[in-house]
Amino acid sequence: MTTHIYSGPLSMFGAKVEIAAREKGIAFDLVMVPFTKDDAYDPKHPEVLRVNAVKQQVPVLVDDAVALFDSTQIFEYLEDRYPPPTSLALWPEGIAERARARQLEQKSDEVFFPNVIKLFGLQNAMQSAPAVAACAACARFYEEIDGLLATRDYLAGPYSFADIAFYMAHVFADRKGAGMTDATPRLVAWRDRVRDRPAVHAVVDPMMKFLASEGRGVPAFLQR
Ligand SMILES: N[C@@H](CCC(=O)N[C@@H](CS)C(=O)NCC(=O)O)C(=O)O
């Protein structure tokens with residue numbers, strides 16, 4: 001039976017899952033759920049309602065008898081279901097290393113990204129105190145990650161789910177006015193390394209095309 005991933009054209013959490021599936025070489029059908037001009041996921045896709053009845057959010061993954069929501073939960077399933085060496089390892093080896101990688105993945109979604117969500121609602125008030133505070137919190141997070149990159153090429157050592165999560169979160173931060181700057185040069189080099197992965201291009205390029213087709217801004221580092 002075919003694996004299905006339900007996502008949306010501007011779903012940063014859906015993009016995480018799609019990139020991971022592509023990195024692992026998994027064959028899947030991508031279903032783009034209805035998405036309106038005002039960025040609402042409406043009407044909800046029946047599979048999203050079935051699998052994620054309360055939250056009604058994408059991404060959703062349906063793989064035979066397994067039906068899951070939440071990008072981080074789906075990451076765990078993908079690594080178990082498609083383990084190395086047949087598929088690319090996306091958690092590092094070693095209990096401590098894996099724990100650190102999982103923590104970074106979670107921090108990206110739940111410490112960094114909430115600042116970006118605040119900025120979504122403040123695009124017409126970017127000089128307001130909450131917007132300035134959200135941008136400053138993003139900048140502090142960039143500095144923290146830049147520090148980690150002093151001793152490694154990727155967030156948790158080898159390329160991992162943590163890089164996928166933070167790359168996507170930061171693409172949306174950049175779109176909303178909190179992109180990284182020359183103040184974090186190691187992070188800028190990391191961003192370009194991740195951007196240049198074929199799986200990342202395959203997912204992010206159509207997303208940027210979608211934005212451009214609607215006359216919306218595309219981050220400078222993704223313009224070609
Ligand atoms: N923690 C969830 C967050 C999922 C999420 O926020 N999905 C958004 C799209 S990126 C969504 O479906 N929003 C529509 C809604 O909340 O109605 C995950 O990691 O998958």
Side-chain angles (χ1 to χ4, degrees), residues 1-37 39-93 98 101-102 105-106 108-110 113 154 156 158-172 194-214 222:
M1 208 176 137
T2 315
T3 302
H4 286 90
I5 295 173
Y6 297 84
S7 186
L10 286 185
S11 170
M12 98 85 180
F13 294 101
K16 285 173 60 184
V17 167
E18 198 194 335
I19 291 170
R22 286 178 181 275
E23 292 285 12
K24 283 191 164 289
I26 299 165
F28 62 90
D29 275 355
L30 179 67
V31 181
M32 284 297 181
V33 303
F35 188 69
T36 61
K37 283 275 176 212
D39 289 2
Y41 289 80
D42 194 39
K44 302 291 183 187
H45 191 284
E47 279 297 87
V48 173
L49 292 177
R50 180 179 73 88
V51 177
N52 193 1
V54 174
K55 288 185 164 276
Q56 305 189 350
Q57 291 177 328
V58 289
V60 158
L61 176 134
V62 180
D63 186 19
D64 207 353
V66 175
L68 292 172
F69 67 91
D70 191 276
S71 57
T72 304
Q73 294 291 309
I74 296 169
F75 277 176
E76 293 296 345
Y77 172 73
L78 292 179
E79 191 75 345
D80 287 346
R81 172 77 177 78
Y82 303 95
T86 322
S87 282
L88 179 69
L90 285 172
W91 288 130
E93 276 184 43
R98 289 168 92 94
R102 287 190 170 105
E105 197 273 337
Q106 186 252 5
S108 176
D109 280 9
E110 295 187 24
F113 200 62
Y154 295 99
Y159 176 69
S160 77
F161 289 118
D163 299 286
I164 296 172
F166 187 49
Y167 182 80
M168 282 317 307
H170 131 273
V171 167
F172 278 68
V194 178
R195 177 196 58 198
D196 293 340
R197 296 183 70 86
V200 175
H201 265 302
V203 177
V204 175
D205 291 359
M207 203 175 235
M208 295 306 120
K209 247 190 207 155
F210 179 83
L211 284 172
S213 74
E214 296 205 325
L222 289 169

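Just so you know, these numbers come straight off a predicted model, no measurement behind them. For the single chain, residues carry numbers from 1 onward in sequence order. These values consider heavy atoms only, across backbone and side chains, with no hydrogens, waters or symmetry-generated copies.
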Quick check on Glu214: does its CD atom have over 12 non-hydrogen neighbours (other residues, nucleotides or ligands) under 6.0 Å away? yes
Given Val51, Val31, Val60, the one that forms side chain to side chain contact (heavy atoms under 4.5 Å, CB included) with His45: Val31
On a heavy-atom basis, the closest approach of Pro59 and Ile74 is O-CD1, 3.9 Å
Is Arg50 salt-bridged to Glu47, cutoff N-O under 4.0 Å? yes
What's the spacing between Thr3 OG1 and Ile26 CD1 if we round to 0.5 Å? 7.0 Å
Inter-residue atom distance Met12.CE - Asp109.CG, 0.5 Å rounding: 5.0 Å
Are any side-chain N or O atoms of Asp64 and backbone N or O atoms of Val66, one a donor and one an acceptor, separated by less than 3.5 Å? no
Suppose we call two aromatic rings close when their centres sit under 6.0 Å apart. Are Phe113 and Phe13 close by that rule? yes
When every non-hydrogen atom of Met208 is compared with those of Val171, the smallest separation belongs to CE-CG1, 3.8 Å
Is the shortest side-chain heavy-atom distance between Val204 and Arg195 below 4.5 Å? no
State the NZ-CD1 distance between Lys24 and Ile19, to the nearest 0.5 angstrom. 14.5 Å
Any side-chain heavy atom of Ser87 sitting closer than 4.5 Å to one from Glu23? no
